[in-house]
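Okay, structure first, notes after.
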There are 4 protein chains.
Amino acid sequence: MANRGINKVILVGHLGQDPEVRYMQNGNVVANFSIATSESWKDKQTNETRDRTEWHRVIIFGKLAEIAGEYCKKGSQVYLEGQLQTRKWQDQSGQDRYTTEVVINPIGGTLQILGSRDSDSHQQPKPQTTAQAQHEEIEPDDIPF
Amino acid sequence: MANRGINKVILVGHLGQDPEVRYMQNGNVVANFSIATSESWKDKQTNETRDRTEWHRVIIFGKLAEIAGEYCKKGSQVYLEGQLQTRKWQDQSGQDRYTTEVVINPIGGTLQILGSRDSDSHQQPKPQTTAQAQHEEIEPDDIPF
Amino acid sequence: MANRGINKVILVGHLGQDPEVRYMQNGNVVANFSIATSESWKDKQTNETRDRTEWHRVIIFGKLAEIAGEYCKKGSQVYLEGQLQTRKWQDQSGQDRYTTEVVINPIGGTLQILGSRDSDSHQQPKPQTTAQAQHEEIEPDDIPF
Amino acid sequence: MANRGINKVILVGHLGQDPEVRYMQNGNVVANFSIATSESWKDKQTNETRDRTEWHRVIIFGKLAEIAGEYCKKGSQVYLEGQLQTRKWQDQSGQDRYTTEVVINPIGGTLQILGSRDSDSHQQPKPQTTAQAQHEEIEPDDIPF
DNA sequence: TTTT
DNA sequence: TTTT
């Protein structure tokens with residue numbers, strides 16, 4: 001458990017679709033989704049406003065995957081902390097291909113659902129959906145949000 | 001402009017009060033507020049749920065201070081990136097005192113207002129208030145949120 | 001174990017003194033030290049190079065405290081990840097005082113010793129001393145650096 | 001210049017090769033290299049120590065690219081902060097391919113060369129080579145490391 | 001002093 | 001595919 005180096009990704013963005021959750025034979029849970037981060041800037045040459053959206057493939061393991069499955073949906077804004085991982089696979093023609101994903105593990109990873117508070121009127125309080133868990137050993141009744 | 005070391009703070013929390021904005025004689029703008037971050041956990045000994053809220057003093061300079069003044073208010077949820085700075089001052093009795101603050105400078109600092117989207121019903125879209133600027137040289141009309 | 005908000009500090013700097021390590025009656029270990037982060041910049045008015053060093057009080061719990069005690073010393077360069085915590089105490093005159101520290105807990109916290117490689121000549125490779133542990137449950141023989 | 005979302009990568013690792021630096025016709029500078037981050041852990045099933053090295057493609061623009069070209073080399077340990085970007089390209093057969101890179105821009109990006117201090121003997125202090133620049137507008141003589 |  |  002000694003590491004050499006830091007491999008950390010921090011994203012705040014919106015989910016492009018509902019998470020896909022799979023329950024493994026060994027009890028593990030895995031969730032997948034993509035989230036978008038956008039930036040816009042004014043092009044100094046043309047004086048036009050330009051825009052770029054980046055999509056990030058996110059894969060979550062363990063308790064946070066369950067939380068994602070239950071509380072995140074298409075359009076949810078989340079804060080997450082994970083690490084970069086590039087996976088090798090073969091396409092139909094047998095060629096090597098690589099896909100880079102942001103992996104959120106129970107240890108060191110974080111997921112929080114943001115927002116949930118009506119920003120203009122506070123008259124209608126809603127159930128808070130901000131959530132976080134950082135550890136596999138959490139008991140289900142530990143998730144009070 | 002060469003640095004030795006990294007001094008970085010990342011916070012997501014809610015403002016405890018409206019930002020206090022001051023316009024300096026030299027045109028600089030400074031904004032102050034405090035934000036709360038909370039964590040709760042189950043005490044393994046007593047089996048009780050416990051809770052701790054941490055308050056952080058935030059001071060913002062430049063364009064981001066103006067944005068804070070205009071778009072942040074008490075209760076707003078924000079993402080911010082700044083650095084730790086401990087300031088020495090004298091109390092009434094002349095004794096040295098120290099206060100640690102999170103300073104957000106135009107270069108390297110970030111402020112984004114989160115949320116603004118109704119998390120349950122998407123029927124009534126609201127004006128987006130998520131915002132960021134990272135650079136002093138931004139023209140006012142560059143802030144489109 | 002649900003949290004509201006993110007409270008994260010990332011520092012890279014050098015220790016100002018050897019860590020002070022205390023072993024508690026309950027078996028817990030706590031280490032303290034300060035680390036310096038410096039930045040220098042050219043003052044645009046005076047055209048002089050200016051310099052500022054910031055000192056951060058760090059407190060470490062658990063296995064990472066032991067690692068700090070054994071492998072960090074005055075002058076060591078470290079990467080660390082912790083959270084801000086402001087502690088209230090009373091001075092001799094009974095007045096409330098506050099001290100802000102960077103707390104590194106076994107869960108979510110990180111400590112890595114940097115360097116160890118001669119940056120000028122690569123002829124004499126040295127044993128790598130970069131290290132990290134993020135979890136209390138680490139067995140002692142798991143720390144191979 | 002308003003952004004929606006946070007896209008941030010923090011890496012500490014060693015360069016796999018000397019940086020490749022290209023000077024563009026318009027005066028821009030671009031540097032490329034890969035850096036490795038490693039983690040090891042004990043497999044709980046087999047009780048064996050396992051190891052995984054992740055390689056990250058890094059691309060740097062502007063002044064930091066020049067710094068990388070001059071001061072980084074194969075084996076250098078660096079701290080860097082950038083953002084994820086996935087680039088689409090066509091392979092020889094015309095098929096779409098995607099490559100994810102960590103992009104370090106002058107604004108918001110950071111590069112620091114770590115180490116430079118002999119970790120075992122402190123008798124012979126060496127010139128500090130830790131360095132950082134965060135801004136395009138830096139004059140060459142601003143880089144004192 | 002926030003938020004749920 | 002998100003969000004404003």
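Just the heavy atoms: all of them, side chains too, but no hydrogens, waters or symmetry mates, feed the values below. A note on names: the letters A, B, ... follow the listed sequences, proteins ahead of strands, and every chain is numbered from 1. Quick caveat: nothing in here was measured; it's all calculated off a predicted structure.
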Please list, chain by chain and in numerical order, all residues satisfying side-chain hydrogen bond (donor to acceptor under 3.5 Å, both in side chains) with D:Q90, sequence neighbours excluded. D:D96
Between atom [atom1] in [X] and atom [atom2] in [N], what is the gap in whole Å?
| X | N | atom1 | atom2 | result |
| --- | --- | --- | --- | --- |
| A:H56 | F:dT2 | NE2 | C1' | 11 Å |
| A:Q77 | F:dT2 | CD | P | 15 Å |
| B:L11 | E:dT1 | CG | P | 20 Å |
| A:D18 | F:dT1 | CG | P | 15 Å |
| A:L15 | F:dT2 | CG | P | 11 Å |
| B:D51 | E:dT1 | CG | P | 16 Å |
| A:Q112 | E:dT2 | CD | P | 19 Å |
| B:E20 | E:dT2 | CD | P | 16 Å |

Check whether any side-chain heavy atom of [X] sits under 4.5 Å from a side-chain heavy atom of [Y], and report yes or no.
| X | Y | result |
| --- | --- | --- |
| D:L80 | D:V58 | yes |
| B:V12 | B:T37 | no |
| A:K74 | A:H14 | no |

Check every atom of E:dT2, F:dT1, E:dT1 against the side chain of B:A36 and return the nucleotide holding the closest atom. E:dT2
Counting only side-chain heavy atoms from C-beta out, which of F:dT1, F:dT2, E:dT1 sits nearest to A:Q17? F:dT1
Does A:T53 make a side-chain donor-acceptor contact with the base of F:dT2, cut-off 3.5 Å? yes
Is_stacked (A:W55, F:dT1) at 5.5 Å, 30 deg: yes
